Amino acid sequence: MTSSASWSLHEQLQQDTIDIGDLPLSRVLVVKDAHYPWLMLVPRRDKAVEIIDLDEVEQGQLMTEINRVGRALKEVTKCDKLNVAALGNMVPQLHVHVIARRKTDAAWPRPIWGVMPPLAHDAAEVQRFISELRRKIWLG
């Protein structure tokens with residue numbers, strides 16, 4: 001699958017996230033929910049729904065980007081566990097969640113979905129978080 005000039009971020013993902021930059025394959029986003037340090041990678045490939053919709057080189061690049069983002073998130077948050085998931089049940093555009101989990105978070109040890117309504121970020125705090133992540137992910 002090749003990059004397409006017609007690629008755009010799904011409108012639900014636009015509403016639910018803050019764009020922090022692009023890696024070679026994926027757009028990196030912060031999910032607007034302060035309950036969890038939560039990033040999302042969205043490969044910039046038109047019509048990609050499943051990981052198998054990417055060619056093998058792109059699949060390898062996606063894993064490299066998941067690793068880079070996961071390491072940075074773990075270092076920044078000092079979390080107990082990383083959750084990585086590509087579900088796509090609500091939004092069909094291929095996207096991978098990378099979520100820092102703590103044993104003290106509201107959903108532990110269950111999955112986070114549907115446990116708590118999203119909590120708005122403190123503007124200054126989320127900007128500090130984004131700045132630190134951008135440095136560690138090599139986005140700025």
Side-chain angles (χ1 to χ4, degrees):
M1 180 168 284
T2 58
S3 181
S4 172
S6 65
W7 182 87
S8 63
L9 187 63
H10 188 281
E11 72 177 42
Q12 187 66 54
L13 298 182
Q14 285 179 359
Q15 290 174 11
D16 293 347
T17 63
I18 302 164
D19 182 351
I20 66 169
D22 287 342
L23 293 171
L25 176 67
S26 304
R27 177 135 319 146
V28 183
L29 308 162
V30 173
V31 175
K32 294 178 183 175
D33 186 350
H35 287 297
Y36 317 97
W38 183 354
L39 302 179
M40 192 179 295
L41 294 172
V42 184
R44 295 183 312 282
R45 296 297 182 261
D46 195 31
K47 299 183 178 134
V49 175
E50 309 290 349
I51 291 172
I52 61 172
D53 294 336
L54 303 175
D55 66 33
E56 289 181 4
V57 171
E58 292 168 332
Q59 290 175 28
Q61 181 63 36
L62 180 58
M63 276 310 302
T64 296
E65 293 177 3
I66 290 167
N67 291 340
R68 182 187 300 179
V69 166
R71 281 188 189 103
L73 187 59
K74 190 164 188 169
E75 188 175 328
V76 167
T77 65
K78 310 295 188 236
C79 63
D80 296 309
K81 179 75 176 97
L82 286 176
N83 288 177
V84 178
L87 303 173
N89 297 341
M90 302 294 286
V91 174
Q93 184 174 48
L94 175 59
H95 58 286
V96 178
H97 301 268
V98 183
I99 309 159
R101 299 294 307 274
R102 293 188 181 97
K103 293 177 181 176
T104 57
D105 75 39
W108 186 268
R110 299 174 314 275
I112 62 168
W113 286 276
V115 173
M116 302 286 290
L119 177 65
H121 286 282
D122 172 79
E125 186 177 315
V126 77
Q127 285 309 311
R128 281 190 300 275
F129 177 64
I130 288 170
S131 292
E132 192 169 357
L133 280 172
R134 285 179 57 82
R135 281 191 301 278
K136 295 197 179 298
I137 299 170
W138 313 326
L139 289 172

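Quick caveat: nothing in here was measured; it's all calculated off a predicted structure.
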Nearest 0.5 Å please: distance from the [atom1] atom of [X] over to the [atom2] atom of [Y].
| X | Y | atom1 | atom2 | value |
| --- | --- | --- | --- | --- |
| L9 | D19 | CG | CG | 7.5 Å |
| I112 | Y36 | CD1 | OH | 5.5 Å |
| L73 | K78 | CG | NZ | 11.0 Å |
| L133 | R128 | CG | CZ | 13.0 Å |
| H121 | Q127 | NE2 | CD | 10.5 Å |

4.5 Å side-chain heavy-atom contact, [X] and [Y]:
| X | Y | value |
| --- | --- | --- |
| K32 | I18 | yes |
| T77 | R102 | yes |
| L94 | V42 | no |
| T17 | V30 | no |
| L23 | V69 | yes |
| L29 | L39 | no |
| W138 | R68 | yes |
| H35 | V115 | no |

Review point. Would one find more than 12 heavy atoms of other residues, nucleotides or ligands at under 6.0 Å from atom CD of Q15?
Key: yes
Check your understanding: Residues two or more places apart in sequence or in another chain: which of them pass salt bridge (Lys or Arg N to Asp or Glu O under 4.0 Å) with K74?
Key -> none
Check your understanding: Who pairs with D105 by salt bridge (Lys or Arg N to Asp or Glu O under 4.0 Å), at least two apart in sequence or on another chain?
Key -> R101
Check your understanding: Judged by atom type as modelled, is there a donor-acceptor pair below 3.5 Å linking the side chain of E58 to the main-chain atoms of D55?
Key -> yes
Practice item. Kindly write out the residues that satisfy side-chain contact (heavy atoms from CB on, under 4.5 Å) with K103, not counting sequence neighbours, or none if the list is empty. Key: D80, W108
Check your understanding: Listed by chain and number, what are the side-chain contact (heavy atoms from CB on, under 4.5 Å) partners of H10, not counting sequence neighbours?
Key -> Q12, L13, V91, P92, Q93
What are the two closest heavy atoms between [X] and [Y], and how far apart are they?
| X | Y | value |
| --- | --- | --- |
| P43 | W7 | O-NE1, 3.3 Å |
| G70 | V98 | CA-CG1, 3.9 Å |
| L82 | A100 | CD2-CA, 4.1 Å |

Check your understanding: So which pairs with a foot in residues 110-125 pass salt bridge (charged side-chain N to carboxylate O under 4.0 Å, His left out), sequence neighbours left out?
Key -> none
Qualifying residues under side-chain hydrogen bond (donor to acceptor under 3.5 Å, both in side chains), relative to [X], sequence neighbours excluded:
| X | value |
| --- | --- |
| E65 | S26, Q61 |
| Q59 | none |
| E132 | none |
| R27 | D22 |

**Study point:** V126 reachable from L119 in the ILVMFWY side-chain graph, under 4.5 Å edges
**Key:** no
Practice item. Start with the C-alpha gap between D53 and K47, add the side-chain angles, then the distance that decides, and say whether side-chain contact (heavy atoms from CB on, under 4.5 Å) holds. Key: CA-CA 8 Å; D53 294 336; K47 299 183 178 134; over 6 Å; no
Point to revise | Sequence neighbours excluded - ring-ring contact (aromatic ring centres under 6.0 Å, His included) pairs with any residue from residues 56-89 | key: none
Study note, to complete from the structure: Here the ring-ring contact (aromatic ring centres under 6.0 Å, His included) pairs for residues 61-94, sequence neighbours left out, are none
Check your understanding: Can you name the ring-ring contact (aromatic ring centres under 6.0 Å, His included) partners of H97, sequence neighbours left out?
Key -> W38, H95, W113
